[in-house]
Each structure stands twice: as structure tokens, then as C-alpha cells.
2 protein chains.
Amino acid sequence: MDTVTRSAKAAFLREDLGPCACQRRIRSTLDVIANKWAVPVLIELVRAEGEPLRFTRLARAIPGITQKELTKQLREMEAAGLVRRKVYPVVPPKVEYTLTELGWSLDPVLDALARWAATYGNVVADNQAQFMARKNADGADPQEPAPPSR
Amino acid sequence: MDTVTRSAKAAFLREDLGPCACQRRIRSTLDVIANKWAVPVLIELVRAEGEPLRFTRLARAIPGITQKELTKQLREMEAAGLVRRKVYPVVPPKVEYTLTELGWSLDPVLDALARWAATYGNVVADNQAQFMARKNADGADPQEPAPPSR
DNA sequence: CGGAATCCAATCCGATACTG
DNA sequence: CAGTATCGGATTGGATTCCG
């Protein structure tokens with residue numbers, strides 16, 4: 001069952017580009033989308049389905065983010081061309097954010113990520129808890145971490 | 001063409017879980033795999049196709065990583081149950097790393113990421129360069145960032 | 001409202017040195 | 001070989017204040 005898992009997929013990763021040729025390309029991409037808040041922001045914009053979102057609306061939709069971090073993240077994504085920033089010269093100020101076409105192209109990645117998180121997120125949390133517990137109560141029988149239950 | 005992009009996909013993200021219910025699950029997942037070196041390490045292990053990799057082999061395969069960071073990353077993934085660490089009590093020491101079944105389940109996510117990076121990575125780089133240039137030479141006509149060329 | 005600026009604490013990260 | 005330990009600089013992140 002696990003041989004199926006490791007044979008059928010990731011065909012792309014196994015294409016022989018040089019051993020770390022794909023690593024370098026991925027590095028710069030990760031510098032954009034692997035930031036702490038990048039994915040949450042992107043997901044909110046995807047969920048908006050093209051409807052422009054204002055700054056405060058975004059901030060409230062993402063629990064735990066501060067205004068500083070949100071600003072920084074949005075600027076970075078604007079620079080990468082993932083997000084369009086539209087400023088209305090009115091008072092009080094009004095700024096709207098939407099995904100660009102390039103931003104929408106991330107959809108499959110975000111979807112895969114969200115699916116994985118929904119399926120295995122709690123398993124990961126359990127494993128981490130057990131790992132901590134095993135460190136404290138040392139010398140206990142070293143168990144295999146819980147395999148996914150499906 | 002862009003309406004196709006934004007209508008056909010991300011069905012999962014639009015399922016109505018509460019507005020940020022999916023955000024919270026994703027947060028903990030991202031804390032594991034959105035770290036600077038997590039994806040590069042995972043990709044190397046996937047590319048090994050189940051063959052155990054030793055520490056130094058892993059380190060050499062990932063350009064720019066230091067041994068300190070690699071150790072930290074491997075420990076974190078071991079705690080999450082993504083990676084199995086096998087220590088041989090011999091001298092000189094020998095430690096082998098392999099993906100667990102849970103680790104293999106990340107395959108679709110990594111594949112999606114690698115594909116996106118290969119397709120749009122250079123577009124992102126170009127956009128960033130243009131964005132920087134536009135900041136320096138200010139007052140120029142504000143252009144739309146380059147849409148993906150395919 | 002949507003930031004920018006400042007201050008300050010925490011933490012990260014690289015380099016180096018040492019060890020079983 | 002596969003780490004651990006330590007140090008100092010760099011980066012990150014929150015809280016607060018001010019501005020157009």
C-alpha cells in the first residue's frame with residue numbers, strides 16, 4: 001500500500017534535471033510563498049473568488065496576523081506579481097487587493113496544501129505531542145509514530 | 001481564460017467550513033512545512049524514492065544549508081512524524097533518514113509546488129526585478145506585472 | 001482607513017570549535 | 001560521521017504612535 005504511494009506520484013520531482021537544479025528554482029519560489037503568512041493571505045484571496053478585499057477585511061479574516069505583518073506580506077506578493085493593489089484616492093483611504101492571473105495559478109498548490117492540512121493536520125499534532133512526551137519520559141519503548149489512519 | 005482558472009479549481013478551499021476554520025488547521029501544518037528548509041529536505045527524500053539517505057549526503061544535496069539548520073529541520077520533521085531516523089551504533093556513526101508513510105502523503109503537495117516553481121519561478125523573479133526598478137525610477141507609467149506567458 | 005516609523009524583545013542563522 | 005555547544009550579528013515580530 002505504501003509502495004503504491006511512492007511509485008505512482010511525484011513523477012515531476014524525479015525528472016532528471018540535475019540533482020539540485022530543481023532545488024534552486026524552488027528556493028526562490030519558496031522565499032515568496034513559504035513565508036509565515038503568505039499562504040493564509042493567498043487562501044483568503046482565493047476564497048474571495050475575485051472579489052476585491054480591503055485591508056482591514058483581510059486582517060480580520062486571518063487570525064493572529066498583525067497589521068505590520070500583513071502589510072509586509074502584501075507588499076512582497078505585490079512585488080512578485082501575485083497580488084494587485086488598487087488605491088482609491090479618497091478620504092478615508094480605500095485600498096483593494098485582488099489576485100492577479102499569476103496569483104490564481106497558485107490555486108492547485110494551495111488546494112493540495114489545504115487538503116493535506118485537513119486530512120493529516122491532526123495526525124501531525126498528535127505525533128508532535130507524543131514526541132515531546134517521549135523526550136520527557138525517556139527510556140520508554142520507542143514506538144513508531146502513528147501512521148495516517150486511512 | 002482567466003475565468004476558467006478561477007472557476008474550475010480550489011473547490012476544496014471554497015467548501016464552507018467556517019470562514020477561518022480551515023485557516024487554523026493550515027496554520028499548524030504550515031508551521032511544519034513552510035520552514036525555510038523543510039521543502040528542500042522533503043524533496044531530496046522524495047527523489048531518493050525510499051532509499052535511505054545519510055546526513056552528509058542530504059547536506060550536500062541541498063545547496064546553502066548548514067549542518068545546524070539541517071539537524072534542526074530533520075528533528076522537527078521527525079517530531080511531526082514525516083521522517084524516520086535510524087541510528088546505527090557503529091563507529092564512525094551512521095544515521096539514515098527516510099520518509100515515513102505520512103511523509104510520502106505530502107507527495108502531491110510537493111509535486112504541485114515543484115511544478116509551479118518550474119513554470120512560474122522565473123516570471124516571479126522578473127516581476128520582482130521590475131518592481132524594484134519601478135521603485136527607483138519613480139513616476140514612470142505604472143505597468144501591469146507580466147502575466148504568465150502561457 | 002491604511003499604512004509608515006520607531007522602539008524593543010525574541011529568535012534565527014552562520015561560523016567556529018569541540019565530541020562520541 | 002553526525003552531530004552538540006556557544007557566540008555575535010542579523011532578522012523577525014509585537015506594541016505603540018503618528019500621519020495623509
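Here is the naming used below: chain letters follow the sequence lines, and residue numbers restart at 1 for every chain.
- Straight-line distance from the NZ atom of Lys36(A) to the C1' atom of dT12(D): 9 Å, rounded to whole Å.
- For the side-chain contact (heavy atoms from CB on, under 4.5 Å) criterion with Ile33(B), the lone passing option out of Leu113(B), Leu106(B), Val41(B), Leu110(B) is Leu106(B).
- Summarising the geometry, the separation between CD on Glu78(B) and C1' on dA2(D) is reported as 14 Å, rounded to the nearest angstrom.
- For the pair Gln73(B) CD and dC12(C) P, the computed distance is 12 Å after rounding to whole Å.
- Relative to the side chain of Thr56(A), the nucleotides dC1(D), dG13(D), dC1(C) differ in distance, and dC1(C) lies closest.
- Side-chain atoms of Glu69(A) and base atoms of dG13(D) include no donor and acceptor less than 3.5 Å apart.
- If you check every strand for non-hydrogen atoms under 4.0 Å, Tyr88(A) touches nothing.
- Taking 4.5 Å as the limit, some side-chain heavy atom of Leu30(B) sits within range of a side-chain heavy atom of Pro40(A).
- Protein atom CD1 of Ile65(B) is 12 Å distant from nucleotide atom C1' of dC13(C), rounded to whole Å.
- For Lys68(B), whose side chain is taken as the heavy atoms from C-beta onward, the closest listed nucleotide among dG14(C), dT16(D), dC7(C) is dG14(C).
- Side-chain N/O atoms of Thr66(B) include one lying less than 4.0 angstrom from OP1 or OP2 on dG14(C).
- There is no path of hydrophobic side-chain contacts, each under 4.5 Å, that joins Leu102(B) to Phe131(A).
- Rounded to an integer number of Å, the gap from CD of Glu76(B) to C1' of dC12(C) is 12 Å.
- Residues Val91(B) and Phe55(B) fall into different hydrophobic clusters, defined by Ile, Leu, Val, Met, Phe, Trp and Tyr side chains chained together at heavy-atom separations under 4.5 Å.
- A chain of hydrophobic side-chain contacts below 4.5 Å, direct or via other Ile, Leu, Val, Met, Phe, Trp or Tyr residues, connects Ile62(B) to Val95(B).
- Distance from the side chain of Lys72(B) is smallest to dC13(C) among dG3(D), dG2(C), dC13(C).
- Taking atom CG on Leu70(B) and atom P on dG3(D), their separation rounds to 8 Å, with Å as the unit.
- Between Lys86(A) atom NZ and dC1(C) atom C1' the separation is 18 Å, expressed in whole Å.
- Of the two residues contacting DNA chain D, namely Gln67(A) and Pro92(A), the nearest-nucleotide position lying further toward the 5' end is that of Gln67(A).
- Of the candidate nucleotides dA2(D), dG3(C), dC12(C), dG3(C) has the atom nearest to the side chain of Arg85(A).
- Between Tyr97(B) and dC1(D), a side-chain N or O to OP1/OP2 separation shorter than 4.0 Å is absent.
- As judged by a 4.0 angstrom heavy-atom cut-off over every strand, Arg75(A) is placed among residues touching the sugar-phosphate backbone only.
- If you take CH2 of Trp37(B) and C1' of dG14(C), they are 11 Å apart, rounded to a whole angstrom.
- The listed nucleotides are dG3(D), dG14(D), dC1(D); the one nearest the side chain of Arg54(B) is dC1(D).
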